[in-house]
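Below is one structure; the comments refer to it alone.
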Amino acid sequence: MSDAVGLVGVAAYLCAYGLLQFEKLRSGDTAYLLLNAAGSVLILVSLVGSFNLPSFVSQSFWLLFTLVGFYRVRIGRRGRPILDAVPEPDVRPAIQSLSPDKAPLEADEVR
């Protein structure tokens with residue numbers, strides 16, 4: 001029975017990774033994170049039947065990293081701007097202040 005539970009966990013991992021590679025999911029998608037969490041939990045449960053320390057350590061960290069990712073994506077960014085959404089600063093005033101004699105011409109000066 002523990003092998004069957006572990007195989008379902010492996011299937012969850014492979015499904016998440018495959019969907020990521022075929023660009024059906026992104027690494028921050030809830031479905032991707034849930035598949036990873038389910039995979040590690042199911043493999044940890046399967047270790048009850050036949051304990052393996054390296055597998056336990058790797059799955060525990062995988063679950064921890066997945067939970068941190070879930071927190072960052074779903075909870076941690078509330079109220080904080082996402083890096084991609086931060087507007088670029090307008091550097092024109094700084095450039096103009098460096099060379100005031102080359103300031104842009106006003107509409108009247110162009111004629």
Extract all donor-acceptor atom pairs below 3.5 Å that involve side chains of residues 43-64 and protein atoms in other chains or at least two apart in sequence.
| residue | atom | partner | partner atom | Å |
| --- | --- | --- | --- | --- |
| S46 | OG | I43 | O | 2.7 |
| N52 | OD1 | S55 | N | 3.3 |
| S58 | OG | P54 | O | 3.3 |
| S58 | OG | S55 | O | 3.1 |
| Q59 | OE1 | Y13 | OH | 2.3 |
| S60 | OG | F56 | O | 2.7 |
| W62 | NE1 | N36 | OD1 | 3.0 |

query = Can you list the other members of the hydrophobic cluster that holds M1, where links are side-chain heavy atoms under 4.5 angstrom apart?
reply = none
key: Verify same cluster id: V41, L67 (apolar side-chain graph, 4.5 Å)   = yes
message = Show me the pairs that pass side-chain hydrogen bond (donor to acceptor under 3.5 Å, both in side chains) and involve residues 22-31, at least two apart or across chains.
response = R26-D29, T30-R74
query = Under a single-linkage definition using a 4.5 Å side-chain heavy-atom cutoff for Ile, Leu, Val, Met, Phe, Trp and Tyr, are L33 and L14 assigned to the same hydrophobic cluster?
reply = no
L20 and Y32, any side-chain heavy atoms less than 4.5 Å apart = yes
remark   = Rounding to 0.5 Å, atoms CG (L35) and CG (L25) come to a distance of 7.0 Å
